[in-house]
Amino acid sequence: MAAVDTTHRESPTTALPGLGRALILAGKLGQKSAEEIYRKAESGRTSFIAELTGSGAVSASDLAHTMSSAFAAPLVDLDAIDPQRLPKGLLDGKICFDYRVVVLSKRNNRLIVATADPSDQQAAEKIKFATQLGVDWVIAEYDKLLKLVTANATTAAETMDNIIGSDFEFDEASAEAIIESSDSSPSEVEDAPVVKFLHKMLLDAFSMRASDLHFEPYEHNYRVRFRIDGELREIASPPIAIKDKLASRIKVISRMDISEKRVPQDGKMKLKIGPDRVIDFRVSTLPTLFGEKIVIRILDPSSAKLGIEALGYEPEEKQRLIQAIGRPYGMILVTGPTGSGKTVSLYTCLNMLNKPGVNIATAEDPSEINLPGVNQVNVNDKAGLTFAVALKSFLRQDPDIIMVGEIRDLETADISIKAAQTGHLVLSTLHTNDAPTTLTRMRNMGIAPFNIASSVILITAQRLARRLCPNCKAPIDIPQKALIDAGYSQDELNESWVSYRAVGCSMCNNGYKGRVGLYQVMPITEEIQRIILRDGSALEIAEQSEREGVRSLRQAGLHKVKLGLTSLEEVLAVTNE
């Protein structure tokens with residue numbers, strides 16, 4: 001009884017959800033741990049249960065057994081249930097997705113619903129209100145539940161047909177209602193077909209692990225494409241009549257000027273993906289011949305917290321990078337084309353450096369990932385806040401670490417180098433093909449060789465290759481000549497390893513699922529500094545780095561093929577030698 005009194009005396013515990021209190025009473029979680037997880041969930045805008053299972057404080061299996069005992073509810077193994085045989089149409093898919101529940105069956109006037117959190121009264125009330133039926137909880141493991149909820153989400157094409165129907169027309173009155181929907185009542189917003197369609201597209205893109213959404217108007221048709229694992233796929237082809245209303249809706253919620261259709265615009269918006277998290281989107285519009293093309297980039301803050309191990313660095317490459325970011329001053333450059341994961345790499349480094357005793361400032365266009373503890377500035381050229389102006393201001397703010405989104409001109413490069421030479425650690429990006437050409441690119445920008453040699457301490461070039469699906473990949477016998485032409489040495493061919501090819505199954509995208517990083521991590525050694533000082537070529541730098549054991553991007557890709565992570569075909573497509 002004393003333990004219960006203590007629980008009620010502590011104000012943070014009274015704010016804990018019922019799940020947290022039940023775990024404390026069951027002795028599965030300490031009070032301080034529960035409060036800390038609750039605070040992390042609040043600051044990270046995720047749900048308590050997602051933070052709880054994600055942190056490893058309580059396993060999904062242990063949580064399910066504890067909830068089953070605490071709430072006297074049956075336990076169900078979702079792996080034993082065929083998703084195709086689940087009842088359809090009893091509960092709106094959005095409610096299932098938002099509250100992480102699955103309807104298993106209907107008995108008289110009650111629904112049998114699987115959940116991982118039977119203490120969630122809000123979910124129970126929402127289901128009762130939507131169905132006018134009672135709710136009987138059964139307990140399922142959270143990870144399995146999450147997988148089933150995502151798998152059961154209706155496809156974008158099906159939802160579009162339901163929302164739009166075969167005859168899709170808008171009159172001026174309905175168009176005005178959609179444009180002004182941000183000021184409308186919630187029911188009006190939910191009823192607007194364009195709003196529903198956009199919301200579903202964003203949810204589908206997130207559940208399909210897409211990185212970008214493309215809304216593209218043409219003369220006689222309109223298409224929506226998602227970039228999934230680096231590859232664009234057509235998802236929907238709505239009627240052409242939707243284009244102006246959809247563009248207006250996106251511009252309203254992204255805080256853009258809906259009356260301006262002649263010039264490109266940039267904006268941001270947020271979407272609540274259930275109770276677990278809020279996802280940010282970066283929006284870009286471009287006037288084309290037949291309307292505005294809109295590209296929406298999905299920005300997932302959790303990607304910066306994956307840790308360096310999850311990015312795909314080999315042990316020696318990881319060691320070089322960690323050693324460089326541990327230096328008190330100097331410049332670290334990350335290079336690669338758009339969409340190669342440069343921002344995630346930079347923020348992973350910043351996350352490792354982000355400590356209470358360190359002052360970090362970043363200038364980006366725009367800031368893609370919100371990182372608490374880091375002073376982030378959005379560059380605004382129209383207002384005169386350029387990279388160079390932001391950098392000058394940073395140097396008056398007593399920084400320890402500076403991150404510049406991109407070095408675009410000589411002035412920005414010059415200030416960055418001066419900062420690196422005067423006791424600051426500077427991280428930035430450049431658009432070059434590989435690490436050696438980065439140094440000659442800086443030289444071509446007008447930076448003196450001695451400034452480059454004395455400031456740059458490491459350059460990382462990177463690409464993202466599609467990862468083979470572990471469920472369906474199959475061994476392939478590649479002729480030795482093809483392997484040698486690709487770049488393998490005879491010694492490597494004498495080793496025992498198996499190469500795989502993409503097959504394709506219901507769990508992947510044409511044989512691939514996710515992506516893996518290919519990295520060329522090149523420290524600037526004394527010998528490379530001498531080549532820079534005598535204004536040597538990128539070829540000389542590449543030869544010297546190879547002698548020092550630095551893999552080229554092609555070699556990094558070939559190593560991933562040996563490990564069975566990707567296919568030779570994919571590596572040849574994303575690297576060039």
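Listed here is the closest heavy atom pair of E364 and Q376: OE2-NE2, 3.9 Å. Among all heavy-atom pairs drawn from L333 and I407, the shortest one is CD2-CD1, 4.1 Å. Minimum interatomic distance between A390 and A363 (heavy atoms only, all atoms of both residues): CB-CB, 3.9 Å.
S237 places no side-chain N or O within 3.5 Å of a backbone atom of R223 that could act as its donor or acceptor partner. Side-chain atoms of S367 do not come within 3.5 Å of backbone N or O of N378 as any donor-acceptor pair. Q544 contributes no side-chain N or O that, together with a main-chain N or O of I528, makes up a donor-acceptor pair within less than 3.5 Å. Listed for the R320 side chain is a donor-acceptor partner under 3.5 Å among the backbone atoms of V521. Remark: side-chain polar atoms of S455 are not paired, donor with acceptor, to backbone N or O of M331 under 3.5 angstrom.
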*CA sep, side-chain torsions, deciding dist, call: T575, Q520, side-chain contact (heavy atoms from CB on, under 4.5 Å)*: CA-CA 11 Å; T575 63; Q520 180 185 28; over 6 Å; no
*asked:* Is there a side-chain contact (heavy atoms from CB on, under 4.5 Å) between E216 and R225? Walk through the geometry before answering.
replied: CA-CA 8 Å; E216 302 169 316; R225 295 192 291 173; 2.8 Å; yes
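The cationic atom of K473 (NZ for Lys, CZ for Arg) lies less than 6.0 Å from the six-membered ring centre of Y500 and within 45° of the ring axis.
Just one of E570, E314, E317 meets the salt bridge (charged side-chain N to carboxylate O under 4.0 Å, His left out) condition when paired with K560; it is E314.
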